[in-house]
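Okay, so here's the structure we're looking at.
If you're wondering where the values come from, they're calculated on a predicted model, not measured in any experiment. Here is how names work: the chains are called A, B, and so on, in the same order as the sequence lines, proteins then strands, and each is numbered from 1.
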Protein chains: 2
Amino acid sequence: MKKITSQQQRVLDCIQVYIKKTGFPPTRADICRELGFKSPNSAETHLRALEKKDFITIESGASRGISIKNKAVTNNGNEYPVIGLVAAGSPTLAEENIERTINCPKSFFDSNFDYFLKVKGLSMKDAGIMEDDLIAVKKTSEVKNGDIVIARLEDEVTVKFFNRKSSKIVELEPANEDFQNIVINLEQDELHIEGKSVGLLRKN
Amino acid sequence: MKKITSQQQRVLDCIQVYIKKTGFPPTRADICRELGFKSPNSAETHLRALEKKDFITIESGASRGISIKNKAVTNNGNEYPVIGLVAAGSPTLAEENIERTINCPKSFFDSNFDYFLKVKGLSMKDAGIMEDDLIAVKKTSEVKNGDIVIARLEDEVTVKFFNRKSSKIVELEPANEDFQNIVINLEQDELHIEGKSVGLLRKN
DNA sequence: TATTATACTGTATATATATTCAGTATTTTA
DNA sequence: TAAAATACTGAATATATATACAGTATAATA
C-alpha cells in the first residue's frame, strides 16, 4: 500500500465525516466546499489518487459513488444469492445467474448453506418440493443415501434423492411416480454432486 | 410511530441492503431496478411515505440523498415465534405454545407475517406442505378462494385450502386424496379463520 | 359516503453531478 | 535530469438524477 499524503488524508477524512453526518458520500463540489477548493477538479484528482492507492472505490458514472474501503469489514455473509435452476450448465454463482439475493441470518437453517436454488418442474413433488420453491443449497460433494442432492450429469442439472447402490452404481431418485430413476454407472458416466439441500423456502 | 406497509418495508430493506453493498444510497432508478418497478415515481412516492413516517430523511435536491434513521435500522430483523399445530385449541401466541423463535427479516416473504406454524400431518402434501414444515402465517380473517388458511372449527385447528361456495357454505379442501373436504354450513357451525399462509420454510 | 393513503405506469425536465480538457506550479521519484 | 506525481484554477459538457405532472386503480379511513 502506497503512503497517503496529508492533503489526500484530509480528503479521506472529509469523506468519512460527511458520510457520518449525512448518511451518504459527498459530491466533488461538496468536498470543495468543505476543504476550500475552488475547482471540482481538485477533488476529482484527489479522489483518483485515493482510488489508485486503494483507499476508496469510485463507481463510474454514479453520483456520490464513493465508497471507503474498510479493511475491517464487512461481510456478515447474510445476503444469499438466488440461482435459477437451468436445465443446462452448472449452477454457478456467476453474476448473470443470480436472479436476486435474499437477506437471511447465517444460522437460518441447521447447516450453513451457500445459495438458494429456484426449482423448475415437479419431479420432487412428493417430497414437498414444488415449482419455484427455493432450496437452500450447501455446496458439498459429501452426501449420503437419502440426501436431496443437486446433481449434474454432463450439462444437465437436477434435484433428486441420492442413493448409492454399490461402489459403481448411483441412483438419482425422483419423488414423483411420473418420473423414472436415473441410474448412473460411475465407470461410464460422470456424475457431479454440486451440493445438497439443507432447507426450503417458499413464498406464496 | 405510524405503521409501515409491507411494500414500504421492502423499499426500506432495499435501501439498507444497497448501502451495505455499495457504501452509498440508491437512486430512484436503482430502487426500481432492485424491486422491479417500472416508473421512478413508484420509488419516489414510497420514499416520501417513508419520510413522512420518519423512517428516513431525504435531502432535497441532492442525488442519493437518502439517510436511514436509527430506529428504522434496528427494526430490520425480528424474532418470529414458532407455534406447534396442536389438534385442539387456537394457535395463540401464549408463551407455552411457543416452541422457539426464528430470526428473519421483516420483509422476508412478500407479505408481512406474524408467526410460524409447525405443520402436523400430510393433509396438504400435494401442495408441497409436509410434516414439520413451518408455514409463515399472517393473522387475518380476510381470505379469498384458493388461499391456504389456518382455520379453526370449535377447538380443532387445521390448514387447508379455502373455498367459499356460497354465502352460507365454506369448504376446506385438503391437498391429499386420502382426506375428505370439510364442508361447513356457517348457519350451523362456527368457523374461525386464524390467518393465511404467506410462505413456507423447511429445514432438512 | 367522500377523502385520503397506497401502489403503481409513463413522460418530461431542470439541475445536480461526474468527468474531461486546458492550464500553472511545486515536489518527488526514477 | 527527465518523468511522474502532487496540488491546484477555471471552463465546458454529457448524463445521471430528483422531481413534478398526468393518469389509473384499489384499500383504508373518517
Side-chain angles (χ1 to χ4, degrees), chain A residues 1-15 18-19 22-67, chain B residues 1-15 18-19 22-67 107 110-112 138-144 147 196 198:
Chain A
M1 165 101 60
K2 283 178 188 170
K3 63 175 186 287
I4 197 170
T5 69
S6 63
Q7 280 301 85
Q8 287 164 7
Q9 184 70 58
R10 280 185 72 208
V11 174
L12 188 58
D13 288 350
C14 168
I15 297 166
Y18 192 100
I19 291 173
T22 67
F24 43 88
T27 65
R28 276 62 166 168
D30 291 331
I31 295 171
C32 290
R33 200 176 313 113
E34 296 285 329
L35 299 180
F37 302 149
K38 290 181 180 168
S39 166
N41 195 38
S42 301
E44 178 72 19
T45 50
H46 279 129
L47 290 174
R48 293 299 160 193
L50 285 168
E51 189 189 33
K52 203 171 180 181
K53 291 178 177 178
D54 219 30
F55 287 101
I56 63 172
T57 60
I58 302 173
E59 173 82 18
S60 175
S63 64
R64 302 177 189 271
I66 305 166
S67 172
Chain B
M1 154 126 52
K2 284 179 191 166
K3 65 173 187 287
I4 196 169
T5 68
S6 65
Q7 279 303 84
Q8 287 163 6
Q9 184 72 56
R10 281 184 73 208
V11 174
L12 188 58
D13 287 352
C14 167
I15 296 166
Y18 193 99
I19 291 173
T22 68
F24 45 87
T27 65
R28 276 63 167 168
D30 291 331
I31 294 170
C32 289
R33 200 175 314 113
E34 296 285 329
L35 299 180
F37 302 150
K38 291 183 180 167
S39 167
N41 196 38
S42 300
E44 178 72 17
T45 49
H46 279 129
L47 290 174
R48 294 299 161 191
L50 286 168
E51 188 188 34
K52 203 170 181 182
K53 291 178 178 177
D54 220 31
F55 288 101
I56 62 172
T57 59
I58 301 173
E59 174 81 19
S60 174
S63 65
R64 304 176 187 269
I66 304 166
S67 172
S107 60
D110 293 337
S111 186
N112 285 339
K138 178 183 188 144
K139 280 201 280 189
T140 178
S141 55
E142 289 165 28
V143 297
K144 57 183 191 302
D147 281 351
K196 68 174 181 180
V198 298

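- Across dT6(D), dT9(D), dT9(C), the shortest atom-to-atom separation from the side chain of Lys38(A) is found for dT9(D).
- Distance from the side chain of Ser63(A) is smallest to dT17(C) among dT17(C), dA7(C), dT19(C).
- Within the nucleic acid shown, Ser42(A) comes within 4.0 Å of at least one base atom, counting heavy atoms only.
- Rounded to whole Å, the distance from CZ on Phe24(B) to P on dA18(D) is 12 Å.
- One N or O donor and one acceptor, one from the side chain of Asn41(A) and one from the base of dT9(D), sit under 3.5 Å apart.
- Distances were taken from every side-chain heavy atom of His46(A) (C-beta onward) to each of dT19(D), dC8(D), dT6(C); the shortest belongs to dC8(D).
- Nucleic acid contact for Ala29(A): none, since no nucleic acid atom lies under 4.0 Å from a heavy atom of the residue.
- In this structure, OG1 in Thr57(A) is found 11.5 Å from CG in Leu50(A), a value given to the nearest 0.5 Å.
- Within the 4.0 angstrom heavy-atom criterion, only backbone atoms of the sugar-phosphate kind lie near Gln7(B); the bases stay farther away.
- For the pair Leu50(A) CG and dA5(D) P, the interatomic distance rounds to 15 Å; values are reported in whole Å.
- Counting to the nearest Å, the P atom of dA28(D) and the NZ atom of Lys53(B) are 12 Å from each other.
- Among the atoms of the strands shown, only primed sugar atoms or phosphate atoms (P, OP1, OP2) are found under 4.0 Å from some heavy atom of Thr27(B).
- Taking atom CD of Glu142(B) as the reference point, atom C1' of dA28(D) lies 10 Å away to the nearest angstrom.
- Between the CZ atom of Phe37(B) and the P atom of dT6(C) there is a distance of 14 Å, rounded to whole Å.
- The nearest heavy atom of DNA chain C to Ser60(A) and to Thr5(B) marks one nucleotide each, and the one closer to the 5' end goes with Thr5(B).
- At a threshold of 4.0 angstrom between heavy atoms, the contacts of Arg10(A) with the nucleic acid are absent.
- The CZ atom of Arg64(A) sits 5.0 Å away from the CG atom of Asp30(A) when rounded to the nearest 0.5 Å.
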